[in-house]
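Letters go in sequence order (proteins before strands), and every chain restarts at 1. None of the values given here were measured: they were computed from a predicted structure.
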Number of protein chains: 2
Amino acid sequence: MARAQQHLGADTASRILDIGEELVQTRGFNGFSYGDVAADLKITTATLHYHFPGKAELGRALIARYAVRFFDALSAIDARHSGAPARLQAYVDLYATVLRERRLCLCGMLASEYNTLPEPMRDAVIQFFDENERWLTRVMEQGCETGALRLSGPAREAARMIVCGLEGAMLVARPYGDVARFQSAADCLLASVGVSTSLHPAPAR
Amino acid sequence: MARAQQHLGADTASRILDIGEELVQTRGFNGFSYGDVAADLKITTATLHYHFPGKAELGRALIARYAVRFFDALSAIDARHSGAPARLQAYVDLYATVLRERRLCLCGMLASEYNTLPEPMRDAVIQFFDENERWLTRVMEQGCETGALRLSGPAREAARMIVCGLEGAMLVARPYGDVARFQSAADCLLASVGVSTSLHPAPAR
DNA sequence: GTCTATAACGAGATAGAC
DNA sequence: GTCTATCTCGTTATAGAC
């Protein structure tokens, strides 16, 4: 099942998710409407309601897909990099890539709107941060054992600081349209756990 | 001029600003309406339009008042504390106080909505962050000279990391309803510039 | 699965009486 | 300065034809 129409343009549901994701990351969940998505896709809002009964359901689906993709990326980092410093650098790059598209982290954006979010979306946002924290904590612990990192406190607290710091760095850097501002804050954060970033993926000539 | 009606309940304009501020900090600029403010104040939206012609003007006024109050607080810190470590702790407390009321920094919230903000509000948000950075940079430089701080890079970059880190810590901690989560991230950030926070304003028994 | 048509509501805003 | 009344528009959502 689902074999044709795979090549140029996925099925409608995933195209809706693509546009919805972009809109939430750039304008926020309260900053876009079904009408915006429909216009972008040249379909009607009625079609939208066929695929996602309401905005809350669309929101849930957006977080679910984003989280899967994000944690897949974390698994890929585990597979490709072995040391804690390299893993942390790759983790930072995940965020930088999002910011380069002038977007915020989906869940960072939703965290700012948390009080106005439909209930089911709230839990999903929390879960996203929890899983980030778990992954980072593991990396931190490993780095401590091998001596690759120097932490002044518990691994869990360092992990939380990194998540908070990166989310905040995206938030503040975006209005300036300045990815370097994010990168410099991220470097500072990594330096504080003992990761030297002097040789950064040299900004292409 | 303006002498009566000062005691119980300020004039209408500032009561509008009070409610507006709370709504932006808790729900975001796109998450509240003139109707919400009017209902809270038991006035009509027409009255609101008399004091603030449109939502954009109300937004500008909100940032302006917030910024004045915030930078007054920074001056007060300069006056009351002399060492860089004490000043940084007091700076963190400014944020913690906001979060305890389950609010975000007004400009942190607006930064997340930056793309949807009326033009005049955007500049004001940027200015707020610039001034924060300037103040922190001065504190950092002073702390370096006296040897009270240990920075691994330029003072300006450390300042940016602190702003980003604190904004992000508020953002992430609020969904958890957990001020301790903020405090722990803040302590980590301060530790990274050489401020020891072992003896914190002990959480009342 | 996608459309047309339309309902039902809320938002920002204005005119003009008091 | 605050109100009532009203307007226009955007947003979410549904019924039913194709």
Side-chain angles (χ1 to χ4, degrees), chain A residues 1-20 22-24 26-62 110 113 115-121, chain B residues 1-24 26-63 110 113 115-121:
Chain A
M1 73 237 265
R3 185 165 38 88
Q5 110 241 74
Q6 283 287 36
H7 305 279
L8 251 179
D11 56 84
T12 305
S14 44
R15 276 186 297 166
I16 291 170
L17 291 172
D18 289 340
I19 305 293
E22 183 196 330
L23 286 170
V24 173
T26 53
R27 304 178 51 90
F29 192 71
N30 293 326
F32 84 101
S33 71
Y34 261 36
D36 296 331
V37 180
D40 240 320
L41 249 40
K42 285 163 189 166
I43 58 177
T44 64
T45 62
T47 299
L48 257 173
H49 281 283
Y50 170 80
H51 292 282
F52 302 94
K55 214 182 164 186
E57 287 78 13
L58 173 57
R60 270 204 312 105
L62 285 173
L110 294 176
E113 302 177 287
N115 285 337
T116 67
L117 252 34
E119 263 296 324
M121 290 181 67
Chain B
M1 69 229 269
R3 185 162 38 89
Q5 109 243 74
Q6 283 287 36
H7 305 279
L8 251 178
D11 55 84
T12 304
S14 44
R15 276 186 297 168
I16 292 170
L17 290 171
D18 289 341
I19 304 293
E21 186 174 280
E22 184 196 329
L23 286 170
V24 173
T26 54
R27 304 178 50 90
F29 192 71
N30 294 326
F32 85 101
S33 71
Y34 262 37
D36 295 330
V37 180
D40 238 321
L41 248 40
K42 284 163 190 169
I43 58 178
T44 64
T45 62
T47 299
L48 258 175
H49 280 284
Y50 170 80
H51 291 283
F52 301 95
K55 213 182 165 188
E57 287 78 14
L58 173 57
R60 269 203 314 104
L62 285 173
I63 305 177
L110 294 176
E113 304 177 286
N115 285 338
T116 67
L117 252 34
E119 263 297 323
M121 290 181 68

Exercise for the section: Take atom CG of A/N30 and atom C1' of C/dG10, then tell me their distance rounded to the nearest Å. Expected result: 14 Å
Handout entry: Contact list for residues 45-57 of chain A, test side-chain hydrogen bond (donor to acceptor under 3.5 Å, both in side chains), sequence neighbours left out
Key = A/T44-A/T47
Handout entry: Check: B/D11 side chain, B/S14 main-chain N or O, donor-acceptor pair, under 3.5 Å
Key = yes
Problem - Nearest-Å distance for atom pair NE2/P, residues B/H51 and D/dG1 - result: 7 Å
Exercise for the section: Could you tell me whether the side chain of B/F32 reaches within less than 4.5 Å of the side chain of B/I19, counting heavy atoms only? Expected result: no
Exercise for the section: Respond yes when some side-chain nitrogen or oxygen of B/Y50 is under 4.0 Å from OP1 or OP2 of D/dT2, and no when none is. Expected result: no
Handout entry: Residues forming a side chain to side chain donor-acceptor pair (under 3.5 Å) with A/T116, sequence neighbours excluded
Key = A/N30
Practice task
Could you tell me whether the side chain of B/D36 and the main chain of B/S33 form a donor-acceptor pair under 3.5 Å?
Solution key: yes
Exercise for the section: At under 4.0 Å between heavy atoms, which parts of nucleotides 4-18 of chain D does protein reach? Answer with one letter per nucleotide, 5' to 3': B base, S sugar-phosphate only, - none. Expected result: B------SSBBB---
Exercise for the section: Please answer whether the main-chain N or O of B/A46 pairs with a side-chain N or O of B/Y34 as donor and acceptor at a distance below 3.5 Å. Expected result: no
Exercise for the section: Would you mind telling me which of C/dT2, D/dC3, D/dG1 lies closest to the side-chain atoms of B/T12? Expected result: D/dG1
